[in-house]
Structure formats: C-alpha cells, structure tokens
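Heads up: the structure comes next, in structure tokens.
Letters A, B, ... mirror the listed sequences (proteins, then strands); counts begin at 1.
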Amino acid sequence: AQSVSQHNHHVILSEAASLELGCNYSYGGTVNLFWYVQYPGQHLQLLLKYFSGDPLVKGIKGFEAEFIKSKFSFNLRKPSVQWSDTAEYFCAVGDTDKLIFGTGTRLQVFP
Amino acid sequence: KAGVTQTPRYLIKTRGQQVTLSCSPISGHRSVSWYQQTPGQGLQFLFEYFSETQRNKGNFPGRFSGRQFSNSRSEMNVSTLELGDSALYLCASSPPGGHPYNEQFFGPGTRLTVL
C-alpha cells in the first residue's frame, strides 16, 4: 500500500521568508501527486497536482512543487511567504479510487 | 456551480449512539469519497462511492458504513459511537471521466464530537 510522509509537522516563518515543505511517498510506479491546503475555517483546496510531464509544477498563489522520482519526493515551495499563507498543508498520492494523505504540516507565518 | 455541501456542520453525540452524516456532491459529479480528519492521524480514507456502488473502502471497522443514492447524494453512518470517533468528517466529489482522484472537491466537513 502507498504511504505519504510529511516530516515537517509545524513550521514557523516570518513574512518574505522562503518555504519548502517536504513530502515523500512510498510507491515506486506511476504516481499522481497532490498538495492541498486548508486555511483556518475553510474547505480543503487543491494547490497543485502532478500527473506526468514537466516535474516542476506550478499551482495557485505562487506555490510550486518539484517531483523528483529518484528521491520519491514532491516538495512544496514558495519563494516568499505571506501572513495569509498561514494554513495546514497536506501532501497526497492517488491510489486507485482514493487519495492517501500525509499527516499535514501546520505553517504559521508572522508579520 | 454550488460546491460540495455537508449536513449537519456540527454534531454532539454520546457514546453508544449512532449518527448519520449527509453529503451532496457538486452537480454532475458521480463519485463521492469520505475521509476522517483527526489532529493525530491527518486525513484517512473511509470509502468511495460511484453510481450507488462502493468501489473502495479504507481500514475502518464495520461500524462505519455508507451509501449513495441515485442522485449521487451520499450518507455515512457510524453506529455504536466511541470517543475516538470524534473527528472532522470530510466528503469530496470528483467530476466524471478520468481518474476519480483527478480532481477531488472537498466540502466543509461535519465536526462530530462524541462525549
């Protein structure tokens, strides 16, 4: 069975700092990868997804992620975070008819 | 287009009771998935329905069940509630065609508290 690991459980940054959240998955075959974000009190929203092609994927709100097959990783990045990026971030991998989620990373951005 | 709606938004129950949660997918979506979200475990897959058939099930006890109606609305039921069932239950729907997880749209969730 596939699994997803997010090693950063809680990240605290100041505004304008750069962000990188780690995500590793267990499956070695064809994967479909996602990053979701949950802002306080809001629905879970899709930030970006990777199915195939260019391993550097750009998403909404200035986020991007890089798929590195040899490292089984799909790390999320943003060059300069804002206070409004404070949220919980979930990495997920598609497995048949479901998504397997990591345990999430809570990001706090201070002005 | 209206998003995924879930009712009720909040529920308080006591141990041993049962509960039914409802989910209405985005119009035209036929796949509905349910997830349990807890602080320690993150989001865990419960089950997925497509055209009134359960296609996939996660590793939850038989106390957790679900169904889907012909209009794609789905319900999940938890019987004999335990304290550990306290969680946010999320429903997600997927557009027709392609992989069901191609694009999952999540509802706001139902916050269940078991006392």
Side-chain angles (χ1 to χ4, degrees), chain A residues 1-11 21-27 29-53 57 59-60 74 76 87-108, chain B residues 2-6 9-10 23-26 29-51 53-60 66 68 74 87-111:
Chain A
Q2 299 200 41
S3 65
V4 177
S5 297
Q6 291 182 246
H7 304 294
N8 315 105
H9 297 294
H10 191 188
V11 173
L21 301 182
C23 173
N24 289 92
Y25 59 92
S26 64
Y27 184 62
T30 302
V31 288
N32 300 288
L33 297 159
F34 306 80
W35 274 97
Y36 280 83
V37 62
Q38 192 171 36
Y39 296 103
Q42 294 190 27
H43 301 194
L44 205 62
Q45 302 173 38
L46 181 68
L47 265 181
L48 47 79
K49 61 186 177 185
Y50 172 80
F51 282 2
S52 63
V57 180
I60 61 171
F74 190 56
L76 181 71
E88 190 148 17
Y89 293 80
F90 294 92
C91 181
V93 60
D95 181 1
T96 317
D97 300 323
K98 63 184 181 288
L99 291 173
I100 307 293
F101 283 88
T103 51
T105 297
R106 185 178 168 216
L107 171 66
Q108 280 186 290
Chain B
V4 177
T5 57
Q6 292 186 245
R9 293 293 310 279
Y10 302 91
C23 171
S24 292
I26 293 171
H29 289 194
R30 293 164 61 192
S31 169
V32 173
S33 300
W34 288 89
Y35 296 84
Q36 182 194 64
Q37 185 179 7
T38 56
Q41 301 292 321
L43 284 96
Q44 293 187 289
F45 173 75
L46 280 156
F47 26 66
E48 188 255 349
Y49 285 88
F50 181 82
S51 292
T53 300
Q54 186 182 88
R55 289 200 298 193
N56 212 336
K57 190 176 189 304
N59 295 323
F60 279 82
Q68 187 180 33
S74 177
L88 182 67
Y89 290 88
L90 294 172
C91 169
S93 72
S94 301
H99 292 289
Y101 51 72
N102 188 21
E103 184 89 45
Q104 287 203 356
F105 295 83
F106 284 81
T110 294
R111 173 76 61 186

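Considering CD of Q37(B) and CZ of F90(A), their distance stands at 4.5 Å, rounded to 0.5 Å.
Within the 3.5 Å criterion, the main-chain N or O of L99(A) finds a donor-acceptor partner in the side chain of Y35(B).
Q104(B) and Y36(A) make their closest contact through O-OH, 3.4 Å (heavy atoms, listed as atom of the first residue, atom of the second, distance).
Proximity to chain A is absent for every atom of L46(B), based on heavy atoms less than 4.5 angstrom apart.
Chosen from Q38(A), Q45(A), Q42(A), the residue pairing most often with chain B at heavy-atom distances under 4.5 Å is Q38(A).
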Please walk me through it: do L43(B) and I100(A) pass side chain to side chain contact (heavy atoms under 4.5 Å, CB included)? CA-CA 8 Å; L43(B) 284 96; I100(A) 307 293; over 6 Å; no
